*Asks:* 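First the structure, which I've put down as structure tokens, then a few questions once you've had a look.
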Amino acid sequence: MKITVLTVGKVKEKFYRQAIEEFQKRLSRYCKLEIIEVPDEKTPDHASETEERLIKEKEGQRILKYIKEDAWVCALAIEGKMLDSVELSEKLEQMGIGGVSHMIFVIGGSLGLADEVLRRADFKLSFSKMTFPHQLMRVILLEQIYRAYRIMQGEPYHK
């Protein structure tokens, strides 16, 4: 299975980068992991709704360039479906059994994802109704994918 984490912006903080590298290493036993970063747009203070929409559209176009037609796409979105870790594991396993060979998880920038990206998504996943920094979300997502593989394999992982 190939898993791509397609995300807006770079991770600047060393502690986030270290956590991401650790989960990349752990996940290498289970899947081929790729992380693609697309540039984010600077959002001016007090941006209008129109300015915010245009920023999301620009970021969305950058994201869509990396989405292959045959990939299964999961957009991280507050309005998505919340799953527990076992349900996420079952979802990933079902995709693999169903013949999906490439999954793309999309994390938007500070304003979220463009409507066009959300429409392209095969599944919308919410981790919480809260808003998280997209750098931290990358760590949380990788940890949950790792946990999902551990669950699939029947391997112990703390609860």
Side-chain angles (χ1 to χ4, degrees), residues 1-11 16-40 56-159:
M1 174 71 66
K2 179 178 180 181
I3 293 183
T4 300
V5 175
L6 181 52
T7 181
V8 174
K10 293 198 175 301
V11 174
Y16 286 144
R17 284 196 318 270
Q18 289 172 327
I20 290 164
E21 288 166 10
E22 177 62 26
F23 284 111
Q24 283 180 291
K25 186 172 73 176
R26 291 183 188 191
L27 278 164
S28 67
R29 293 182 50 209
Y30 303 103
C31 64
K32 183 179 185 309
L33 178 68
E34 169 185 48
I35 296 176
I36 298 173
E37 299 173 331
V38 300
D40 56 349
K56 287 197 301 187
E57 285 175 6
K58 282 181 186 175
E59 292 173 347
Q61 289 305 311
R62 291 177 189 146
I63 289 167
L64 291 168
K65 285 180 187 173
Y66 288 96
I67 296 178
K68 305 282 188 275
E69 192 64 36
D70 61 341
W72 181 81
V73 178
C74 177
L76 274 59
I78 288 176
E79 67 274 11
K81 182 172 172 59
M82 285 192 216
L83 303 176
D84 64 27
S85 296
V86 172
E87 290 169 327
L88 178 61
S89 177
E90 290 168 349
K91 182 82 173 163
L92 298 184
E93 189 170 34
Q94 287 168 359
M95 293 297 103
I97 291 169
V100 172
S101 61
H102 187 194
M103 293 183 196
I104 300 176
F105 290 85
V106 183
I107 302 172
S110 60
L111 298 175
L113 290 167
D115 290 341
E116 195 172 353
V117 175
L118 293 170
R119 282 192 298 275
R120 170 55 183 91
D122 298 295
F123 188 77
K124 294 177 194 74
L125 177 64
S126 175
F127 278 83
S128 172
K129 291 185 180 193
M130 293 182 208
T131 302
F132 295 101
H134 56 277
Q135 299 94 331
L136 177 59
M137 202 61 238
R138 197 180 313 184
V139 176
I140 294 169
L141 173 63
L142 290 173
E143 189 280 334
Q144 284 299 302
I145 293 170
Y146 174 68
R147 184 182 296 265
Y149 274 106
R150 299 284 295 190
I151 292 167
M152 270 185 251
Q153 301 297 320
E155 296 171 348
Y157 197 75
H158 61 281
K159 295 183 179 198

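Here the structure is a predicted model, which means the values were calculated and not measured.
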*Asks:* Can you give me the closest heavy-atom contact between V11 and I20, atom names plus distance?
*Replies:*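 For V11 and I20, the tightest heavy-atom pair comes out as CG2-CD1, 3.8 Å.
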*Asks:* Pairing donors with acceptors under 3.5 angstrom, does anything connect the side chains of Y66 and E34?
*Replies:* no
*Asks:* Where do F127 and L141 come nearest, in terms of heavy atoms and distance?
*Replies:* CZ-CD1, 4.0 Å
*Asks:* Passes salt bridge (charged side-chain N to carboxylate O under 4.0 Å, His left out), K124 versus D122? Steps please.
*Replies:* CA-CA 7 Å; K124 294 177 194 74; D122 298 295; over 6 Å; no
*Asks:* Of all the heavy-atom pairs spanning G109 and V8, show the shortest one and how long it is.
*Replies:*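 Minimum heavy-atom contact is N-CB, 3.6 Å.
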*Asks:* Hey, could you give me the CZ/CD1 distance between R147 and I140, rounded to the nearest 0.5 Å?
*Replies:*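 R147 CZ to I140 CD1: 11.5 Å, rounded to 0.5 Å.
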*Asks:* Hey, does E90 have a side-chain heavy atom less than 4.5 Å from the side chain of V86?
*Replies:*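 Sidechains of E90 and V86: in contact.
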*Asks:* To the nearest 0.5 Å, how far apart are CG in L76 and CZ in F123?
*Replies:*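 Going from CG on L76 over to CZ on F123, the span is 10.0 Å.
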*Asks:* Does one side chain, of Q144 or S85, offer a donor that lies under 3.5 Å from an acceptor on the other?
*Replies:* yes
*Asks:* Which distance, rounded to the nearest 0.5 Å, do you find between the OH of Y16 and the NE2 of H134?
*Replies:*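 Y16 OH to H134 NE2: 10.0 Å, rounded to 0.5 Å.
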*Asks:* Do you know which two heavy atoms are closest between I78 and S126, and how far apart they sit?
*Replies:* O-OG, 3.2 Å
*Asks:* Any chance you could measure K56, atom NZ, to S110, atom OG, to the nearest 0.5 Å?
*Replies:* 10.0 Å
*Asks:* Once rounded to the nearest 0.5 Å, what's the spacing between atom CG of L92 and atom CE of M152?
*Replies:*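 Rounded to the nearest 0.5 Å, the CG-CE separation comes out at 4.5 Å.
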*Asks:* Is there a side-chain contact between E79 and L118 (heavy atoms, below 4.5 Å)?
*Replies:* yes
*Asks:* With a cut-off of 6.0 Å (strictly less than), are more than 12 heavy atoms of other residues, nucleotides or ligands near NZ of K58?
*Replies:* no
*Asks:* Kindly determine whether R26 and E22 satisfy salt bridge (charged side-chain N to carboxylate O under 4.0 Å, His left out), including the steps that lead there.
*Replies:* CA-CA 6 Å; R26 291 183 188 191; E22 177 62 26; 2.9 Å; yes
*Asks:* Heavy atoms, side chains only, cut-off 4.5 Å: are P156 and R150 in contact?
*Replies:* yes
*Asks:* What are the two closest heavy atoms between E116 and Q61, and how far apart are they?
*Replies:* OE1-NE2, 2.8 Å
*Asks:* Taking atom OH of Y149 and atom CD of E93, what is their separation to the nearest 0.5 Å?
*Replies:* 10.0 Å
*Asks:* Side-chain contact test, heavy atoms from C-beta onward, threshold under 4.5 Å: evaluate it for L33 versus I145 and give yes or no.
*Replies:*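 No, every pair of side-chain atoms sits at 4.5 Å or beyond.
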*Asks:* Write down the atom of M82, the atom of E87, and the distance for their closest heavy-atom approach.
*Replies:* O-OE1, 4.3 Å
*Asks:* Do M103 and K91 have side-chain heavy atoms sitting under 4.5 Å apart?
*Replies:*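 No. Closest side-chain heavy atoms not under 4.5 Å.
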